[in-house]
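Note that ligands are numbered from 1 as they come in the structure, with each ligand's atoms numbered from 1 the same way.
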Amino acid sequence: MGDAGKDTVLATRGISKAFGALQASDAISLDLKAGEIHAVIGPNGAGKSTLIAQICGTLAPDAGQVELNGEDITALSARGRARKGLGRTFQISALAMEDTVLQNAVLGAQGAMGTLWRFWQPALKNKALLARADEALARVGLEELRNIRTSELSHGQRRQLEVAVALTLRPKAFVMDEPMAGLGAEGSQRLTQFLAELKQEAPILLVEHDMDAVFALADRISVLVYGRVIATGSVEQIRANKDVRDAYLGDAT
Ligand code: ADP
Ligand code: MG
């Protein structure tokens, strides 16, 4: 375990990744502590999604490590990391739109339990899977909608369902890439409120463009520019930081 403290749940240590001549991640070291929302912000192309992909295991870093509760998980696949308790929601929805809300949640629970089912039907009849899926749906307030087709959900409800799918893993940490994307003002507000509660269950590393949401939610903010963390601090510290204002925030403050 690193020296970042025993309340560190998730950490990157010197994560680096180049695409040809482009240094998309430049020795990124971040930590996520119990109970917090740590937001990662930065301009388009700064390397936020690339960082998330390396944390979640869909992209291998050139150098550096990812640790979950002090354990080096860098060698694990995305699925292996999920089973260890890394809960992810995607920038682009990974839901099966033609399936029902419940089916999507059960699929998540299935992945969590590590059982390979060949057919859909047995999974839906499996009581343990169903219980876990229903528990997650209730947690995000979608239990009433469990039998409708996912394509009929609003954007905001789909985001909630994505969180429910992640919750079926009983995650130790959440990693979210732009969960507010595509939501209207009301949807963003609702999700903001929900994430503020969710962080008590598991801390959230949050990549987000919506600065209102970030300023409302973040316990700490890190600013990524050209693959490098140029500042980490509280909302107040980041808003007052001259380098950050020059590089990114501009008038947003
Ligand atoms: P952000 O999420 O902050 O907008 P990204 O992580 O998506 O930024 O991209 C960071 C940089 O890496 C961008 O310049 C992007 O074009 C580049 N990039 C991302 N993925 C790849 C890839 N698979 N191959 C080549 N370049 C990539
Ligand atoms: Mg991105």
Side-chain angles (χ1 to χ4, degrees), residues 10-32 37-66 73-74 76-79 81-82 86-95 155-156 158-159 162-163 165-166 173-184 187-188 191-192 195 203-215 217-218 220-233 235 238-239 241 243-253:
L10 179 67
T12 69
R13 314 262 179 229
I15 287 284
S16 293
K17 181 75 189 178
F19 296 117
L22 177 80
Q23 196 66 46
S25 303
D26 192 355
I28 299 174
S29 295
L30 288 175
D31 63 340
L32 177 67
I37 292 181
H38 187 161
V40 176
I41 64 172
N44 268 327
K48 302 180 297 295
S49 293
T50 300
L51 171 66
I52 296 292
Q54 292 170 95
I55 292 173
C56 294
T58 53
L59 181 70
D62 298 333
Q65 292 86 43
V66 181
I73 58 168
T74 320
L76 297 183
S77 66
R79 177 174 276 262
R81 292 177 203 206
L86 197 56
R88 177 185 194 186
T89 71
F90 297 84
Q91 185 167 10
I92 295 167
S93 179
L95 299 171
H155 273 297
R158 282 180 209 167
R159 294 290 166 187
E162 283 162 14
V163 172
V165 169
F174 281 106
V175 179
M176 300 186 182
D177 195 354
E178 301 201 23
M180 309 289 171
L183 296 187
S188 300
L191 189 58
T192 297
L195 295 186
I204 304 169
L205 189 70
L206 175 70
V207 168
E208 185 49 60
H209 235 76
D210 178 339
M211 294 312 297
D212 289 338
V214 167
F215 289 148
L217 277 171
R220 286 190 300 152
I221 300 175
S222 288
V223 184
L224 200 60
V225 179
Y226 295 122
R228 192 174 300 182
V229 177
I230 64 164
T232 295
V235 171
I238 292 301
R239 292 177 88 143
N241 184 300
D243 294 339
V244 173
R245 299 176 73 102
D246 290 348
Y248 179 54
L249 285 178
D251 297 332
T253 53

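- Taking the salt bridge (Lys or Arg N to Asp or Glu O under 4.0 Å) definition, one finds that D210 meets it with nothing, sequence neighbours left out.
- Residue S49 approaches ligand 1 through these ligand atoms, each under 4.0 Å from one of its heavy atoms: 1 (P), 2 (O), 6 (O), 7 (O).
- Contacts of L22 with ligand 1, taken as heavy-atom pairs under 4.0 Å, involve the side chain alone.
- The pair R13-D31 does not count as a salt bridge, with every side-chain nitrogen at least 4.0 angstrom from each carboxylate oxygen.
- Closest non-hydrogen pair, H209 versus E178, comes out as ND1-OE2, 3.5 Å.
- Within the structure, ligand 1 has G47 among the residues with a heavy atom less than 4.0 angstrom away.
- In summary, N44 places no N/O/S atom under 2.8 Å from the Mg ion (ligand 2), failing the contact criterion.
- Checked by atom type, the side-chain pair S16/D62 shows no donor-acceptor distance below 3.5 Å.
- Those atoms of ligand 1 that come under 4.0 Å of a heavy atom in T50, given as number and element, are 5 (P), 6 (O), 9 (O), 10 (C), 19 (C).
- Residue G45 has at least one N or O atom closer than 3.5 Å to an N or O atom of ligand 1.
- Considering backbone and side-chain N/O atoms, A46 comes within less than 3.5 Å of an N/O atom of ligand 1.
- A side-chain donor-acceptor contact under 3.5 Å links S25 and Q54.
- Under the 6.0 Å distance and 45° angle rule, R88 does not count as a cation-pi partner of F174.
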